[in-house]
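One structure is given below, encoded as structure tokens.
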Protein chains: 2
Amino acid sequence: MSPRRSATDARHTRSVILDRGVEVASVEGLEGLTIGRLATDLGMSKSGLLGHFGSKEVLQLAVIDTAAGVFAHEVPDRAAGTEPGLPRLRALCAAWVSYMERGVFPGGCFFTAVVAEFDDREGPVRDAIAGLTAVWKRDLTLQIRLAVSAGELPEDTDAEQLVFELYGVMLSLNQALRLDRDRAAPERARRVIDRLLGS
Amino acid sequence: MSPRRSATDARHTRSVILDRGVEVASVEGLEGLTIGRLATDLGMSKSGLLGHFGSKEVLQLAVIDTAAGVFAHEVPDRAAGTEPGLPRLRALCAAWVSYMERGVFPGGCFFTAVVAEFDDREGPVRDAIAGLTAVWKRDLTLQIRLAVSAGELPEDTDAEQLVFELYGVMLSLNQALRLDRDRAAPERARRVIDRLLGS
DNA sequence: CCTACCGATCGGTAGG
DNA sequence: CCTACCGATCGGTAGG
């Protein structure tokens, strides 16, 4: 084990740090994700770990990016094969419920946790989180508008209103799963979605 | 200013600590609520503050209790004068939206924040939070059942399903207000509630 | 990537 | 209610 590694090794180490960082942050939050704890988990020194990022804030931003990649892989990518409009929207919601139900992150939905943690703060971390949720809401809005244009949803559908309601279903689902340990919650979520999107 | 105060003074100090503690915790969370920071805010020593509680966990539990009292005053108490059943349920939801909209706590809904923080942990703090939300859900379920019995809601209404949906509306509202700073969100929430409860 | 270290802050205690 | 202190941990740096 030489102290100097190749760029490939460094990239690998970085991705190991980020994968573990996402897991820890989903449970303990992005502040609870401490450099010392993460270093101990991975059997490396604090300064060795910090060398990959430079500061805790840069680490937090990289963790958010990594989690966004996981979400993209688990939800939008799984719906990518379906027709735009209502079929795509239904597939997105089904994958979203499944992502919640399967507990992809050990602390439940990563974004639900960090939104609650950072929604009252200022700075780049808050901005990154808000930006990602805004993009996701815009994707959903687009599919709703396509569905309306295609006559798959009523012409008077308020796309932003529907996104507001779908988001509420997912937040309620996450809380029911994590806090109440309610195994019936995914079925409840699917029932609302079927009603909102016309079964 | 003698160092020994009367029991009345001590009670007053305790309530000042808790009022400030609820404010801080709604923004920073119950872990971010540190004894040193709270003591500095109030111009007292850490040990003087801690003497009222004995440990941080006891302080956290007392803060949760205080927040529950504020919520009770802001929501169920405001609906207490209405007829049980659908009128009560509508009044409860209206007060709940208003509580979100007015930003009663500086960090938005206290419970939304601490649920996200503690839903993956174990221990008395988690249990206290889960217990309070369970009681609140039971209150809502009861009013729904009364409304169904009185013929004010359809006979096939699934009370727990409706609570799941109403909770989702409030969680989506809190996120829209805090993260997206969307001032149109309360109106969106009212629109869903009117539809769910038959305008 | 490491050791060794910095000042600041954490929850909590001793003793008054 | 205070001062004075404890060991542990925080984010981060120096130097290699």
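Note that this is a predicted model, so its numbers are computed, not measured. All chains are named by letter (A, B, ...) in the order of the sequence lines, taking the proteins before the strands, and each is independently numbered beginning at 1.
- Here side-chain hydrogen bond (donor to acceptor under 3.5 Å, both in side chains) pairs that include residues 86-95 of chain A, with residues two or more places apart or in two chains, are A/T82-A/R88.
- Around the CZ atom of B/R102, the shell of radius 6.0 Å holds more than 12 heavy atoms that belong to other residues, nucleotides or ligands.
- A straight line from CD of A/E57 to C1' of D/dC10 spans 16 Å, rounded to a whole angstrom.
- Among pairs with a residue in residues 115-132 of chain B, those fulfilling side-chain hydrogen bond (donor to acceptor under 3.5 Å, both in side chains) read A/R178-B/D120, A/R181-B/E122, B/E31-B/R121, at least two apart in sequence or across chains.
- For A/F110, the ring-ring contact (aromatic ring centres under 6.0 Å, His included) partners at least two apart in sequence or on another chain are A/F105.
- Near DNA chain D, meaning a heavy atom under 4.0 Å away, the residues from residues 29-51 of chain B are B/M44, B/S45, B/S47, B/G48.
- Annotation for B/V135: hydrophobic cluster partners, listed by chain and number, are none (ILVMFWY side-chain heavy atoms under 4.5 Å, direct or chained).
- Under the 4.0 Å criterion applied to side-chain N and carboxylate O atoms, A/R191 and A/E187 are not assigned as salt-bridge partners.
- Paired runs in DNA chain C that reach 3 or more consecutive Watson-Crick or G-U pairs, where each pair keeps both distances under 3.5 Å, cover C:1-16 with D:1-16.
- Taking the ring centroids of A/F111 and A/W136, they lie at or beyond the 6.0 Å cut-off.
- When rounded to the nearest whole Å, the span between CD of A/E28 and P of D/dT9 equals 14 Å.
- The existence of a salt bridge linking A/D41 and A/R37 is confirmed by a sub-4.0 Å separation between a basic side-chain nitrogen and an acidic carboxylate oxygen.
- Between C/dG11 and B/S55, no contact under 4.0 Å exists linking OP1 or OP2 to a side-chain N or O.
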